[in-house]
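Written out below as structure tokens is the structure these notes cover.
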Amino acid sequence: MAGTSVHHNLLLPQPQEHHHHTKGITSIEQQCISLLKNCKNIQEFKQFHCLILKLGLEYSSLCTGNLLSTCALSSWGSMDYACLIFQQIDGPDSFEFNTMIRGYIKDMNLDEAIMLYNQMLEMEIHPNNFTYPSILKGCAYLHRLEEGMQFHGHVFKYGVEDDVYVQNSLINMYGKCGKITQSCFVFEKMDEFDRNLATWSSIIAAHASDQMWSECLSLFQELTSQNCWRAEERVLVSVLSSCTNLGALDLGRSTHGFLIRNLSGLNVIVETSLLDMYLKCGSLVNALTILKRMKVKNQWSYSVMISGLAFHGYGTEALRVFSEMLEKGFEPDEVVYVGVLTACSQTGLLEKGLDFFKKMTADHKIKPTIQHYGCLVDLMSKAGKVKEAFDLIDNMPMEANDALWYSLLDACRVHQDLELGEQVAEKLLNLNSQTPNPYVILSNMYAKAKKWENVALTRREMGQKGLMKTPGFSIIQVKRKAYKFVSNDIMWAHCKELSDMLYQMEWQLKFEGYSPDTSEVLLDVDEDEKRERLSRHSQKLAIAFGLINTAQGSLIRIVRNMRMCKDCHNYTKYISFIFERRIIVRDRNRFHHFEDGNCSCKDYW
DNA sequence: AAGGCTCGCT
């Protein structure tokens, strides 16, 4: 038994007659401390503690502090026992209080930590620069802004506002509580030379989580321009997240290169961020390479993989990854289930999706959030069950948001359910009357049903509110430069090269059997005019530009602000076949991979 | 005796 040999060791220092004092601790105390720190579990620790008490050792406050910290901060979760020790201490000092607070924060027990903090003040023991970082960390984690602000006040009261650890913790706390302005305020007030990597990491992460991605990247540039910079995984994770959200594949690639050059190995969090970046920026090939090289995967890696595959239209593969995750013994959380349900809705697996929803609540005891209901509504709507989706929203335990209604409204449009569409549009306008989107979708539905009076009426109502339709556009990247094409933009009509290319494309398309599908042109004009308009959709212009300006056989990437129309989808399939190009289009919901005349969405989107 | 990182419905 491990205990026996340790007892033996503990008794060893006894024969020493003269006590060596080092830094105020006797050598026997020092030995006790080191033995205590090597304890593997609470039982072992208790045994030692009893033994020390039996030996009748008088220990100094430093020793008590160490005893406490060993217990309170151990990984074997023994705050109860630490409490017992703490209560026996006659007049605990700030060191001991800080240790206990840190122990509670480690267990995410902010309320107990705050109680102890108040007790500290009552006993007129001043908190110090070691008190605030830990307690602010607790506020950050649990998004407790009110308490965090209170501590910010105390930081001044107890004169530790210039401590860099305290300042970093404040930046982090405000960032996590969504108060980016306050984070910046603390950051700006800091001495430039005091700022360290944790400072930068906190402020950069704060911007990333507040969706200020471009600002996040400029801060990172500011950091790299300083000489003190060194490779830091933690910072780069936030940078990668910003690249992901901006769809900045090039910058993401550079960051990946930087990581490879500067670090010998990558941890699982960085690898997961890279995985997410490549997936969301549309490079499935790079994502799969990362995945193959990953030695360690955690729940988040699977989560990213599942939603990423779903985003690319590989629903079945996403579900296969999910079952692998379960086999490996990872407990699915609510986020993973959002990915799983998305995979089902993107692929049209209605029954499976409903099954997963049941499993989630019954087997895994996860309370569905509005996001889960969102997926479910999308799942049913896309499968044509619009009435059922409407009933589901009515019977949900929470209020519906606009995302949910939009999902249903778009399905009403696709499945031409005018009556329900009108109801849904009204719901949306009740939520926010100053948005053009419900009017636009509704008028498009009227147009498709050839109810031109209603079209005019809807458009007029929209105009009276001063609302404008957001124009559809497509962005194509050529040699690291972005070119934006807006539908029916006449600016490009003067470009001979482009109109020649469009003419050539059209000619070859017709030869291969393509005929324009004018059913989604939503104006009361004749067939020729419809065809004319169709041919000037932004995606077609962007593709023509891409065919002219990129090397033969190379990949074409397009990002759009809207869902593509049926005809553009069909047209792009033909182009991928005729010009032997892979074309990847990201619309507002997902990726479409066009290759050899087919699309990864299998025409379900 | 202390502080910093990644995933989710239109």
Side-chain angles (χ1 to χ4, degrees), chain A residues 62 65-66 68-69 72-73 93-103 105 128-137 140 160 163-173 175-176 196-206 208-209 232-242 244 267-277 279-280 298-308 310-311 333-342 345 368-379 381 400-411 428 437 441 562-563 587-590:
Chain A
L62 200 58
N66 273 297
L68 254 185
S69 68
L73 304 175
D93 60 12
S94 58
F95 182 3
E96 285 143 1
F97 267 111
N98 287 346
T99 309
M100 285 300 287
I101 289 173
R102 201 147 64 92
I105 297 298
N128 56 22
N129 53 338
F130 292 105
T131 316
Y132 294 103
S134 50
I135 205 154
L136 284 169
K137 184 180 176 179
V160 291
D163 185 279
V164 61
Y165 279 85
V166 174
Q167 290 166 321
N168 290 349
S169 310
L170 282 168
I171 294 172
N172 183 41
M173 182 275 292
K176 289 283 183 308
N196 56 24
L197 265 175
T199 318
W200 284 98
S201 172
S202 302
I203 196 75
I204 286 173
S209 60
E232 246 296 315
E233 288 175 321
R234 282 177 191 242
V235 181
L236 287 163
V237 165
S238 300
V239 171
L240 279 171
S241 161
S242 296
T244 306
N267 70 23
V268 61
I269 298 177
V270 183
E271 284 180 321
T272 304
S273 305
L274 281 168
L275 192 61
D276 193 35
M277 185 273 292
L279 282 168
K280 299 260 172 64
N298 61 18
Q299 198 200 25
W300 280 45
S301 323
Y302 281 106
S303 192
V304 160
M305 203 58 208
I306 291 165
S307 60
F311 205 42
D333 66 359
E334 55 188 67
V335 179
V336 174
Y337 264 110
V338 171
V340 171
L341 293 173
T342 310
S345 78
T369 64
I370 189 130
Q371 277 105 327
H372 296 115
Y373 280 107
C375 295
L376 218 51
V377 167
D378 200 44
L379 179 73
S381 310
N401 59 15
D402 59 342
L404 247 142
W405 289 120
Y406 273 120
S407 164
L408 183 53
L409 183 56
D410 202 51
L428 272 163
N437 300 332
I441 301 173
M562 288 178 180
R563 187 181 183 279
D587 69 13
R588 46 180 313 134
N589 306 325
R590 56 170 296 156

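What's counted below: heavy atoms across the whole structure, side chains too, no hydrogens, waters or symmetry copies. Just so we're clear, the structure is a prediction, and the values are computed from it rather than from any experiment.
- Base contact: Asp163(A) has a heavy atom under 4.0 Å from a base atom.
- For Ser303(A), the side-chain atoms get nearest to dC7(B) when compared with the rest of dT10(B), dC7(B), dC5(B).
- Taking atom CG on Asn298(A) and atom C1' on dT6(B), their separation rounds to 9 Å, with Å as the unit.
- Residue Glu334(A) is classed as a base contact, given a heavy-atom separation below 4.0 Å to a base.
- In this structure, the side chains of Leu170(A) and Met173(A) come closer than 4.5 Å at one or more pairs of heavy atoms.
- The backbone N or O of Asn267(A) lies less than 3.5 Å from a partner atom in the side chain of Glu233(A), making a donor-acceptor pair.
- Spacing between atom OH of Tyr132(A) and atom P of dA2(B) amounts to 17 Å, rounded to whole angstrom units.
- Among the atoms of the strands shown, base atoms are found under 4.0 Å from some heavy atom of Asn98(A).
- Using a 4.0 Å cut-off, some side-chain N or O of Lys280(A) falls inside it from OP1 or OP2 of dG8(B).
- Between Leu197(A) and Val235(A) there is a side-chain heavy-atom pair separated by less than 4.5 Å.
- Rounded to an integer number of Å, the gap from NZ of Lys137(A) to P of dC5(B) is 9 Å.
- Ranking dA2(B), dG4(B), dC7(B) by closeness to the Asp276(A) side chain, first place goes to dC7(B).
- For His372(A) and dC7(B), the NE2 to C1' distance is 12 Å, given to the nearest whole Å.
- Residue contacts for Ser169(A): at a heavy-atom cut-off of 4.0 Å it reaches the sugar-phosphate backbone alone, with no base atom in range.
- Taking atom CD1 on Ile204(A) and atom P on dT6(B), their separation rounds to 12 Å, with Å as the unit.
- For Arg563(A) and dT10(B), the shortest distance from a side-chain N or O to OP1 or OP2 is not below 4.0 Å.
- For Asn128(A) and dA2(B), the shortest distance from a side-chain N or O to OP1 or OP2 is not below 4.0 Å.
- A stacked arrangement is not assigned to Phe130(A) and the six-membered base ring of dA2(B), the conditions of a centre distance below 5.5 Å and an interplanar angle below 30° not being jointly met.
- Following rounding to the nearest Å, Gln167(A) (CD) and dG4(B) (P) show an atom-to-atom distance of 15 Å.
- Residue Asn129(A) has no polar side-chain atom (N or O) positioned under 4.0 Å from OP1 or OP2 of dA2(B).
- The side chain of Ser238(A) lies closest to dC5(B), out of dG4(B), dC5(B), dC9(B).
- Among the atoms of the strands shown, base atoms are found under 4.0 Å from some heavy atom of Asn196(A).
- Nucleic acid contact for Ser241(A): sugar-phosphate only, since backbone atoms but no base atoms lie under 4.0 Å from a heavy atom of the residue.
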Might you work through the side-chain hydrogen bond (donor to acceptor under 3.5 Å, both in side chains) test for Asn128(A) and Thr131(A), ending with a clear yes or no? CA-CA 5 Å; Asn128(A) 56 22; Thr131(A) 316; 3.1 Å; yes

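- Between Asn172(A) and Leu136(A) the shortest side-chain heavy-atom distance does not fall below 4.5 Å.
- In this structure, Met305(A) and Leu279(A) have side chains that are in contact, with non-hydrogen atoms separated by less than 4.5 Å.
- Nearest nucleotide to the side chain of Val237(A), out of dC9(B), dT6(B), dA2(B): dT6(B).
- For Asn172(A), the side-chain atoms get nearest to dC5(B) when compared with the rest of dC7(B), dC5(B), dC9(B).
- We find that the ring of Trp300(A) and the base of dT6(B) stack, their centres lying under 5.5 angstrom apart and their planes tilted less than 30°.
- No side-chain heavy atom of Ser307(A) sits under 4.5 Å from any side-chain heavy atom of Val338(A).
- Residue contacts shown for Asn401(A) include a base, since a base heavy atom lies under 4.0 Å away.
- The CG-P distance, from Asn589(A) to dC9(B), rounds to 10 Å in whole Å.
- Across all strands, Val304(A) comes closer than 4.0 Å only to sugar-phosphate atoms, never to a base (heavy-atom distances).
- In this structure, Ile441(A) places its CD1 atom 9 Å from C1' of dT10(B), rounding to the nearest Å.
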